[in-house]
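Working notes, beginning with the structure itself.
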Amino acid sequence: MLSTKLINKITTFRQLHSQGGLLLNNVWDLMTARLAEKAGATAIATTSAGVAWTMGYADGHTIPRKCVMQHAAAIVASTELPVSIDVENGLLSAGESMSDLAQDLLAAGVAGVNLEDTQDGNMLDVVHGSQRIQQLREACQALDYPLFINARMDVLLRGGSKDADSLINRAQAYIAAGADGVFIPGLIDLALCQQVARAINGPLSVMALPGAPSANEIFTTGVKRYSAGSFMAESAYGHVLAQMQIFQQTGYLQPAASHLSYGEMNQMIS
């Protein structure tokens, strides 16, 4: 049974998409969730890559779903903000169904998910991609669980067609199958963003990239949600590697301007 708290979080998450201008700094553990809150986040979203890396797995459908769910539950318990998680392709094992995923998501208290349309490294066709979304929606309905399903379309990341009609048709099929919104990573062309955002019957999400248009430019096109993807995790680990190399080579610590103190870190987690 859904708690009032979870219902309120899902309602808030839907409202954030409806009003637009939603910026998501993707997190990968409890501490980065706290950092996102400190930065002014109105909702929390995970990066599948960051979660996988911090738990010793490569990104790309390799991490066990139960590990992801335990991780998600800890993040949910640490914040009053709605939490959406990246479940890649559903991370189902042999003999499992979307019902297993839905039950895990509900138990973790998750408000939303990104569900992608790939399997074994390949794009699903529109029919099978739609079936995956429909199966998760029906599994959630059986639990009276109004999960926000963001259908992730990986076609541009995999070198597929940038034809507007093709993107719109796939997006509309996913919404008709039960998705609340559509996420198209790799879509940063402002004219194309506008074409897709205006044509579909749900909020469009895209992912920021270095050198991509600003959030203001993106939101002007009608896009409702702009996320950082794995960039923050890549940046954090890159910074740590550079600091470790300096210490290994010189024996000196070189605090950066953005260095957080022991006390600050401890206070955020207490």
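We use all heavy atoms of the structure for the numbers below, so side chains are in, but hydrogens, waters and symmetry mates are not. Residues: numbered from 1 along the sequence shown.
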Side-chain heavy atoms of Leu204 within contact of Leu187, under 4.5 Å: yes
Whether Asn169 side chain and Asp165 backbone form a donor-acceptor pair below 3.5 Å: yes
Shared hydrophobic cluster, Leu92 / Val87 (ILVMFWY, side-chain heavy atoms < 4.5 Å): yes
Short side-chain to backbone donor-acceptor contact, Glu264 and Ser261, under 3.5 Å: yes
Residues, nucleotides or ligands: over 12 heavy atoms within 6.0 Å of Phe231 CZ: no
Path from Phe148 to Met69 over hydrophobic side-chain contacts below 4.5 Å: no
Residue pair Gly178 / Ile133: nearest heavy atoms and the distance that separates them: C-CG2, 3.9 Å
Nearest-0.5 Å distance, CH2 of residue Trp53 to OG1 of residue Thr47: 6.0 Å
Pair Glu37, Thr79: side-chain N/O donor-acceptor within cut-off below 3.5 Å: yes
Pairing of Arg170 and Asp117 as salt bridge, 4.0 angstrom limit: yes
Full working for side chain to side chain contact (heavy atoms under 4.5 Å, CB included) between Leu22 and Thr42: CA-CA 8 Å; Leu22 176 56; Thr42 55; 3.5 Å; yes
Exercise: identify the closest heavy-atom pair between Ala102 and Tyr145: O-CE2, 3.8 Å
Leu147 backbone acceptor or donor facing Arg137 side chain under 3.5 Å: yes
Path from Val113 to Ile75 over hydrophobic side-chain contacts below 4.5 Å: yes
Heavy-atom pair of closest approach, residues Gly50 and Ala233: CA-CB, 4.0 Å
side-chain hydrogen bond (donor to acceptor under 3.5 Å, both in side chains) evaluation trace for Glu138 with Gln134: CA-CA 6 Å; Glu138 290 175 349; Gln134 183 178 357; 3.0 Å; yes
Spacing of Ile188 atom CD1 and Thr221 atom OG1 [to the nearest 0.5 Å]: 12.0 Å
Crowding at CZ, Arg158 (>12 non-hydrogen neighbours, <6.0 Å): yes
CA sep, side-chain torsions, deciding dist, call: Glu96, Arg65, side chain to side chain contact (heavy atoms under 4.5 Å, CB included): CA-CA 11 Å; Glu96 291 185 323; Arg65 190 181 72 259; 2.7 Å; yes
Intermediate values then yes/no, side-chain hydrogen bond (donor to acceptor under 3.5 Å, both in side chains), Glu217 and Thr220: CA-CA 5 Å; Glu217 291 173 298; Thr220 299; over 6 Å; no
Reported CG-to-CD distance for the pair Asp189 and Gln195, which is rounded to 0.5 angstrom: 8.5 Å
Partner of Leu105 under side chain to side chain contact (heavy atoms under 4.5 Å, CB included), chosen from Val110, Leu143, Val68: Val110
Derivation and outcome, side chain to side chain contact (heavy atoms under 4.5 Å, CB included), residues Ile269 and Met31: CA-CA 7 Å; Ile269 213 73; Met31 178 55 81; 3.7 Å; yes
Gln70 side chain to Cys67 backbone, donor-acceptor under 3.5 Å: no
Distance-only polar pair, side chains of Gln103 and Ser99, donor-acceptor under 3.5 Å: yes
Mutual orientation of the aromatic rings belonging to Tyr226 and Phe219 [parallel < 30°, tilted 30-60°, perpendicular > 60°]: perpendicular
Connected via hydrophobic side-chain network under 4.5 Å: Tyr237 and Val27: yes
Sidechain-backbone polar pair: Arg34 side chain, Met268 backbone, donor-acceptor under 3.5 Å: yes
Straight-line distance of Leu115 CG to Leu101 CG, nearest 0.5 Å: 7.5 Å
Short side-chain to backbone donor-acceptor contact, Ser270 and Gln267, under 3.5 Å: yes
Donor-acceptor contact below 3.5 Å, side chain Ser84 vs main chain Gly112: yes
Check: Asp154 side chain, Leu157 main-chain N or O, donor-acceptor pair, under 3.5 Å: no
Separation between OG of Ser227 and CZ of Arg225, rounded to the nearest 0.5 Å: 6.0 Å
Side chain to side chain contact (heavy atoms under 4.5 Å, CB included) between Thr54 and His71, worked out: CA-CA 10 Å; Thr54 199; His71 208 65; 4.0 Å; yes
Pair Arg132 + Glu116: basic N to acidic O under 4.0 Å: no
Any donor-acceptor N/O pair, Gln243 side chain to Gln254 backbone, under 3.5 Å: yes
Check against salt bridge (Lys or Arg N to Asp or Glu O under 4.0 Å), Arg152 and Asp86: CA-CA 10 Å; Arg152 172 171 157 166; Asp86 189 332; 3.7 Å; yes
More than 12 heavy atoms from other groups under 6.0 Å of CD on Gln19: yes
No-hydrogen, no-angle side-chain donor-acceptor test under 3.5 Å, Asp59 and Ser48: yes
Hphob cluster co-occupancy, Val126 + Ile168, side-chain heavy atoms under 4.5 angstrom: no
Side-chain (His61) to main-chain (Gly121) donor-acceptor, under 3.5 angstrom: no
Ser205 side, atom OG; Leu24 side, atom CG - distance, nearest 0.5 Å: 8.0 Å
Shortest non-hydrogen separation from Met207 to Ala228 and the atoms involved: CG-C, 4.3 Å
